[in-house]
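Here's the structure we're looking at; comments come further down.
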Amino acid sequence: MLQLSYIQDNTEDVLKRLAIKNFKDAERIINSVIELDNNRKAAQRQADDTKAEANALAKQIGEMMKSGKKDDAEVLKAKTAELKLNEKQFDETLKNIEAEIYKLLVTVPNLPNLTVPVGKTPEDNEVVNQHGAIPVLHAAATPHWELTTKYDLIDFELGVKLTGAGFPVYKGKGAKLQRALINYFLDKATAAGYNEVQVPILVNADSGYGTGQLPDKEGQMYHCQVDDLYLIPTAEVPITNMYREVILKESDLPIKNCGYTPCFRREAGSYGKDVRGLNRLHQFDKVEIVQIVAPENSYKTLEIMREFVCSLLQELELPYRTLKLCGGDMSFGSALTYDLEVWSTAQARWLEVSSVSNFETFQTNRLKCRYKDANGKTQLAHSLNGSALALPRIVASLLENNQTEEGIKIPKALVPYTGFDMIN
RNA sequence: GGAGAAAUGGCAGAGUGGUCGAUUGCGGCAGUCUUGAAAACUGUUGAACCGUGAGGUUCCUGGGGUUCGAAUCCCUAUUUCUCCGCCA
């Protein structure tokens, strides 16, 4: 959520940057917000003044009661009755205005960093770099959804029986590969200084609002209506919300947490060949890294996080490329996002396996996650997160790229975790 | 699931209708002393909003109510604890 004071002081800049994000209606909404905020200030002054007067009278009445001047007190009591009426009305007005401002503000996306490429579609994303050689496969090579059947690693149909499409059942070496990847990713994150946490995978609406999934992504999350809880679409939600309504000390920063969770996404509106096999699932596993940092360090931190994710891909010997997302392709709350994509050789396409973002104060403003700086001033921290990594597409790429006529080779870095070096 | 008790500042813990944003202790910060540190002593120490400022308003788990006036009384939600029951 954008800060009101920033919108007031930098209206031009806000509009300019919302345009980069292709946010429609920016001018109308921002102007409404500014007008409402001005009304808010006026309403608060009225309310405050009325209360100050009533407080003063109450104090006088107290003193009169003590000194036995009951009749004088009665006169003042009558006076306060009117004030009380006004007070109620002003409070009501103030509350309504504040609610209106909030309602508008939560629909406004974050301002993109000025280096974000202008554009509307994934084609406008900027390719930052590409790493690793594209493998050449043998003649009988197949996409991963055939490999998983051939080696009995994943049973998609069984998942349909148990739950529905997009909920695969991992079996045998397929299941062990999942567990190996999770442990491998967590160990690497720990070695990089992240503190491992295990968090609930159901969260309340406050948490959904805190990190920006609500109201923006309402329809994309599974919602348990009986208890009004949401299945998390990413571990970012609970891990970042740990710092909701928290005031940190400067010495607490940077906070670095990592965690494994299953993730749930309804993927309403997805269709076609893109959803084949492991490409797009309703339930998948992911290790997430999250940092809370001082504002002046957030962009340096973003690069470090991106490099960390790259190092994982390199160790797994997967060809990958880095994209800097354009304004139109960035997520709602992000100021700058890098996507990492691995090459899926049998499908001959890039698959997104990680998204690393700096949210600046967008989430922390909603979360009220602040810290006391060196001067003792309380200010909003910056939050960042990244997938490190999402499993399904990594598995797809590993299986496809490493297939040989003898079977599928496991990358060296992973063998200590799987306990086998070949799937055949 | 049933019965009871409780929720106060970073923590502990006073306060049961009128200068209470809240006694006090610990912790934190600053200073005195010291070569330095510790100890001792002194001071200071919550957040949000409005206001150029002086200052004002709000917040004692959340929400509602009673009252001229509520941390204090009432209702309600949530959470925690104790006892009983059930159970991975």
Side-chain angles (χ1 to χ4, degrees), chain A residues 1-9 33-106 198-210 214 224-230 238 241-253 255 292 361 363-381:
Chain A
M1 190 159 67
L2 302 184
Q3 291 171 264
L4 269 173
S5 56
Y6 190 85
I7 295 176
Q8 284 278 15
D9 299 342
V33 165
I34 288 173
E35 193 187 326
L36 284 166
D37 189 42
N38 293 337
N39 293 345
R40 180 190 125 254
K41 288 178 183 178
Q44 174 158 2
R45 207 166 322 151
Q46 278 183 313
D48 284 0
D49 288 349
T50 312
K51 283 177 191 173
E53 207 177 321
N55 285 347
L57 284 179
K59 203 174 263 182
Q60 279 183 43
I61 292 171
E63 279 159 17
M64 287 172 177
M65 298 298 251
K66 256 187 199 163
S67 55
K69 297 181 198 157
K70 284 226 163 125
D71 295 343
D72 293 348
E74 287 305 320
V75 174
L76 288 188
K77 273 193 195 181
K79 230 170 151 185
T80 49
E82 191 191 340
L83 285 177
K84 235 188 108 184
L85 267 175
N86 292 340
E87 196 183 309
K88 220 170 196 170
Q89 200 185 323
F90 292 143
D91 274 346
E92 189 80 10
T93 308
L94 188 60
K95 220 164 111 183
N96 288 341
I97 294 175
E98 280 173 347
E100 243 177 291
I101 292 176
Y102 183 76
K103 231 163 97 188
L104 284 178
L105 228 41
V106 290
Q198 203 173 90
V199 290
I201 58 177
L202 278 167
V203 295
N204 56 31
D206 282 346
S207 293
Y209 275 94
L214 290 175
C224 303
Q225 291 183 0
V226 186
D227 298 295
D228 196 20
L229 296 173
Y230 295 85
N241 270 280
M242 297 196 312
Y243 303 93
R244 172 149 48 87
E245 279 150 54
V246 167
I247 300 180
L248 298 155
K249 287 178 287 200
E250 194 173 37
S251 58
D252 294 333
L253 303 178
I255 285 172
I292 311 280
T361 59
Q363 293 183 327
T364 53
N365 189 31
R366 292 177 171 220
L367 294 163
K368 296 195 174 60
C369 169
R370 294 154 294 175
Y371 78 104
K372 258 197 196 354
D373 67 17
N375 302 321
K377 211 182 138 218
T378 305
Q379 58 169 315
L380 294 172

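Here the structure is a predicted model, which means the values were calculated and not measured. Chain A is the first sequence line, chain B the second, and so forth, proteins listed ahead of strands; every chain is numbered from 1.
- Neither OP1 nor OP2 of B/C29 sits under 4.0 Å from any side-chain N or O of A/Lys372.
- Remark: B/A40 base-pairs with B/U32; criterion is Watson-Crick or G-U wobble with both hydrogen-bond distances under 3.5 Å.
- Following rounding to the nearest Å, A/Asp91 (CG) and B/C50 (P) show an atom-to-atom distance of 16 Å.
- Side-chain N/O atoms of A/Gln3 and A/Asn365 include no donor and acceptor closer than 3.5 Å.
- The structure places OG1 of A/Thr364 at 13.5 Å from CZ of A/Arg244, a figure rounded to the nearest 0.5 Å.
- Straight-line distance between the C1' atoms of B/C86 and B/G17: roughly 45 Å, to the nearest whole Å.
- Listed pair A/Lys95 / B/G64 meets the phosphate criterion, a side-chain N or O lying under 4.0 Å from OP1 or OP2.
- In this structure, a donor-acceptor pair under 3.5 Å is absent between the side chains of A/Asn96 and A/Thr93.
- For A/Lys77 and B/G17, the NZ to C1' distance is 13 Å, given to the nearest whole Å.
- Of all nucleotides present, only B/U82 satisfies the Watson-Crick or G-U wobble test against B/A3, with each distance under 3.5 Å.
- Residue A/Asn55 places none of its side-chain N or O atoms closer than 4.0 Å to OP1 or OP2 of B/U19.
- Between the P atom of B/U57 and the CD atom of A/Glu98 lies a distance of 17 Å, rounded to the nearest Å.
- The nearest whole Å value for the distance from the CD atom in A/Gln44 to the C1' atom in B/C49 is 4 Å.
- For the pair A/Thr378 and A/Glu87, both in contact range of RNA chain B, the more 5′-proximal nearest nucleotide belongs to A/Thr378.
- The neighbour count for A/Gln8 CD, taken as heavy atoms of other residues, nucleotides or ligands under 6.0 Å away, is above 12.
- Atom P of nucleotide B/C49 and atom OH of A/Tyr102 are separated by 16 Å, given to the nearest angstrom.
- Using atom C1' as the reference point in both B/C59 and B/G21, the two lie 9 Å apart (nearest Å).
- Nucleic acid contact for A/Lys377: none, since no nucleic acid atom lies under 4.0 Å from a heavy atom of the residue.
- Enclosure of atom CD in A/Glu250 by more than 12 non-hydrogen atoms of other residues, nucleotides or ligands within 6.0 angstrom is indicated.
- Phosphate contact (OP1/OP2 of B/G51, side-chain N/O of A/Arg45, threshold under 4.0 Å): present.
- Regarding A/Asp227, its CG atom lies at a distance of 14 Å from the C1' atom of B/U78, rounded to whole Å.
- For B/U57, the paired nucleotide is B/A48, the pair qualifying as Watson-Crick or G-U wobble because both relevant distances are below 3.5 Å.
- B/C11 and B/A3 have their P atoms separated by 32 Å, with the value rounded to a whole Å.
- A/Leu76 comes within 4.0 angstrom of no nucleic acid atom, judged by non-hydrogen atoms across all strands.
- Between A/Thr80 and the phosphate of B/G69, there is no side-chain N or O to OP1/OP2 separation shorter than 4.0 Å.
- Comparing the same atom, P, in B/A39 and in B/G31 gives a spacing of 16 Å after rounding to whole Å.
- Going from the C1' atom of B/A47 to that of B/A22 covers 15 Å, rounded to whole Å.
- Comparing the C1' positions of B/C84 and B/C73 gives a spacing of 32 Å, expressed to the nearest Å.
- Rounded to whole Å, atom C1' of B/C50 lies 13 Å from atom CD1 of A/Ile101.
- For the C1' atoms, the distance linking B/G46 with B/G9 amounts to 6 Å, nearest Å.
- In a base pair of the Watson-Crick type (N1 to N3 plus N6-O4 or O6-N4) or a G-U wobble (N1-O2 and O6-N3), with each distance short of 3.5 Å, B/G69 is matched with no nucleotide.
- Pairing of B/C87, defined by two Watson-Crick or G-U wobble distances under 3.5 Å, is not identified with any nucleotide.
- Protein atom CD of A/Gln8 is 14 Å distant from nucleotide atom C1' of B/C49, rounded to whole Å.
- Here B/G51 is the nucleotide among B/G51, B/U57, B/C68 with the atom lying nearest to any side-chain atom of A/Lys41.
- Spacing of P atoms, B/C49 relative to B/U8, comes out at 25 Å, to the nearest Å.
- Side-chain atoms of A/Thr50 come within 3.5 Å of backbone atoms of A/Gln46 as a donor-acceptor pair (strictly under, hydrogens ignored).
- Annotation: of the two residues near RNA chain B, A/Gly62 and A/Ala47, the 5′-most nearest-nucleotide partner is A/Gly62.
- When each of B/U58, B/G56, B/G69 is scored by its nearest atom to the side-chain atoms of A/Ala58, the top-ranked nucleotide is B/G69.
- In the set B/U57, B/C50, B/G69, the nucleotide with an atom closest to the side chain of A/Lys84 is B/G69.
- Once rounded to the nearest 0.5 Å, the distance linking CG of A/Asp9 with CG of A/Leu4 reads 10.5 Å.
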